[in-house]
Amino acid sequence: MEHGLEPLEAAGQQGHGRQHSFDQRVWDAVAQIPPGQLATYGQIAELIGVWGAARQVGWALRRLPLPSPIPWHRVVNARGQISFTPSREGSDWIQRELLLAEGIPVDAAGRLPLARHRWQPR
């Protein structure tokens, strides 16, 4: 892992054997996204075996304490945009800045080249 921590430990959470909570499963999957690459909320949901739970993936990421070693900022919506909304309390703007710092261009409306930076997990 790029940050050198196990995802559950990095998020400040304790694992409970093999039974991970939904949030922990999301965080484990997101921790695998390399710098400069992106995934969608739906892609993460499918990766952890809960097809159709894109919105729940977003909520799991919102529950991460910030700052976090989990690269939550690399997850965007299926339209290839940052989801800007007042309820994110500024984390949308943080996400934009973190992606720009990784070399992913993001325009003023939050659009980015998802196809070019799409993560393909092995």
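The number of heavy-atom neighbours closer than 6.0 Å to CZ of R79, taken from other residues, nucleotides and ligands shown, is 12 or below. Heavy-atom neighbours of R63 CZ from other residues, nucleotides or ligands within 6.0 Å: above the threshold of 12.
Between the side chain of Q43 and the backbone N or O of V75, no donor-acceptor pair lies under 3.5 Å.
W59 has its side chain out of reach of D23: every pair of non-hydrogen atoms, C-beta onward, lies at least 4.5 Å apart. Using a 4.5 Å heavy-atom threshold, the side chains of T40 and R118 count as touching. Using a 4.5 Å heavy-atom threshold, the side chains of W72 and R62 count as separate.
Closest approach of A78 and L114 over heavy atoms only: O-CD2, 4.1 Å. Between A54 and G42, the closest heavy-atom pair is CB-N, 3.6 Å. Heavy atoms only, all atoms of each residue included: W27 and A60 are closest at NE1-O, 3.1 Å. When every heavy atom of G103 is checked against every heavy atom of P105, the shortest pair comes out as O-CD, 3.4 Å. Residues L99 and R74 come closest through the heavy atom pair CD2-CA, 4.2 Å. Of all heavy-atom pairs spanning Y41 and L61, the tightest one is CE2-CD1, 4.0 Å.
With respect to E102, the side chain to side chain contact (heavy atoms under 4.5 Å, CB included) criterion is satisfied by exactly one of H73, H117, Q37: H73. Partner of V30 under the side chain to side chain contact (heavy atoms under 4.5 Å, CB included) criterion, out of L64, I48, I44: I44 alone.
In this structure, L38 CG and I104 CD1 are separated by 4.0 Å, a value rounded to the nearest 0.5 Å. The line from CG of D92 to CD of Q81 is 12.0 Å long, rounded to the nearest 0.5 Å. Atoms CD1 and CG, on I82 and N77 in that order, are 9.0 Å from each other to the nearest 0.5 Å. Within the model, atoms CG of L47 and CD1 of I33 stand 8.5 Å from one another, a figure rounded to the nearest 0.5 Å.
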side-chain contact (heavy atoms from CB on, under 4.5 Å) assessment of Q95 paired with V76 | CA-CA 9 Å; Q95 182 176 20; V76 298; 3.8 Å; yes
